[in-house]
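One structure is given here, and the rest of the page talks about it.
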Amino acid sequence: MFKRILQLLYPEVCFACSNTLLDSEGLLCTRCRLELPRPGLFLPRPNWLSLKFDGWLEYQDVHCFFLFSKGGRVQHLMHQIKYKGAQDLGRFLGIWCGAELNKYNWPDEYELILPIPMHQQRIQERGYNQAICIAEGIALSTHLPILSGGIERIKNSQTLIHQNRQERFHVLEDVYQVSDSSSFLGKHVLIVDDTLTTGATMLTLGQKIKAAGARQVSFLALAALQ
Ligand SMILES: O=P(O)(O)OC[C@H]1O[C@H](OP(=O)(O)OP(=O)(O)O)[C@H](O)[C@@H]1O
Ligand SMILES: NC(=O)CC[C@H](N)C(=O)O
């Protein structure tokens, strides 16, 4: 009853389209669940996403769960996860994404999930690392362990938003440091981030952990810009 009154006064809205949610809906309205653009996982290569990675590094797979478009619903969604404290939404979408991964024939492929590390100062400002929230959701569905510790972001930087691909690689040079490689030595690591624009962040970290002894790397972004 109290929940009903609260809902009348402060209706819960969909994180993607901001329309009022029905009692039976949570976080996302049914329409958005059905309509948010999802390109599918394990797309045959080469494809628009793999072209951002091919030739830079030996890797196995690159996936994105949603297609990101400027001003679109996915951008709104990602904004909530990243800047508005919607950690539960990140976990929920991670669970969904992990459940989709489970539908493919991929057992024995990935052994560890590595959320892109965030600089300590940024964590203090934001209060959380959204890549970890997403990774936690994926781990819940897939039962893969999350790699924590041993890899840090040691240099902070300005937002990458206004930089082109080349500038991003330059900014990201030496930002990650491996202090202990024992937990991923010889393993196939699935690197997870919230958004993928040029791929520079994922590639930089992928190169780093491969050089430090990871057997293989794959990449998964919750959303990617086509
Ligand atoms: O594929 P890329 O071109 O590497 O871009 C993707 C990266 O950019 C964003 O981080 P950023 O450091 O810009 O975070 P901010 O916007 O919060 O500063 C995002 O969280 C990804 O980590
Ligand atoms: N400086 C950083 O650690 C940036 C990390 C991360 N991409 C973010 O969301 O902000």
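Annotation: side-chain hydrogen bond (donor to acceptor under 3.5 Å, both in side chains) contacts of Ser148 (sequence neighbours excluded): none. Scanning for ring pair (Phe, Tyr, Trp, His ring centres under 6.0 Å) contacts around Phe42 gives His63, Tyr104, with sequence neighbours left out. Residues satisfying the side-chain hydrogen bond (donor to acceptor under 3.5 Å, both in side chains) criterion with Ser218, sequence neighbours excluded, are His188. With sequence neighbours left out, Pro46 forms a side-chain contact (heavy atoms from CB on, under 4.5 Å) with Ser50, Leu51, Asp54. Legend: residues meeting ring pair (Phe, Tyr, Trp, His ring centres under 6.0 Å) with Phe15, ordered by chain and number and at least two apart, are absent.
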Side-chain donor-acceptor pairs under 3.5 Å in residues 26-35, sequence neighbours left out?
| from | atom 1 | to | atom 2 | distance (Å) |
| --- | --- | --- | --- | --- |
| Thr30 | OG1 | Glu25 | OE2 | 2.7 |
| Arg31 | NE | Glu35 | OE1 | 3.3 |
| Arg31 | NE | Glu35 | OE2 | 3.1 |
| Arg33 | NE | Leu28 | O | 3.1 |
| Arg33 | NH2 | Gly26 | O | 2.5 |
| Glu35 | OE1 | Arg73 | NH1 | 3.4 |
| Glu35 | OE1 | Arg73 | NH2 | 3.0 |

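Among residues at least two apart or in separate chains, salt bridge (charged side-chain N to carboxylate O under 4.0 Å, His left out) pairs with a member in residues 188-198 are Lys82-Asp194. The salt bridge (charged side-chain N to carboxylate O under 4.0 Å, His left out) pairs that include a residue from residues 131-143 are Arg91-Glu136, where partners are two or more places apart or lie in different chains. For residues 204-226, the pairs satisfying ring pair (Phe, Tyr, Trp, His ring centres under 6.0 Å) are Phe53-Phe219, Tyr59-Phe219, with sequence neighbours left out. Counting only residues at least two apart or in different chains, ring pair (Phe, Tyr, Trp, His ring centres under 6.0 Å) contacts with residues 138-175 comprise Trp56-Phe169. Applying the salt bridge (charged side-chain N to carboxylate O under 4.0 Å, His left out) test to pairs two or more places apart or on separate chains, none has a residue in residues 216-226. The list of salt bridge (charged side-chain N to carboxylate O under 4.0 Å, His left out) pairs with a residue in residues 152-167, not counting sequence neighbours, is empty.
Linking ILVMFWY side-chain heavy atoms closer than 4.5 Å, directly or via other members, places Trp96 and Leu41 in a single hydrophobic cluster.
The closest side-chain donor-acceptor pair between Gln130 and Gln87, if any, does not fall under 3.5 angstrom.
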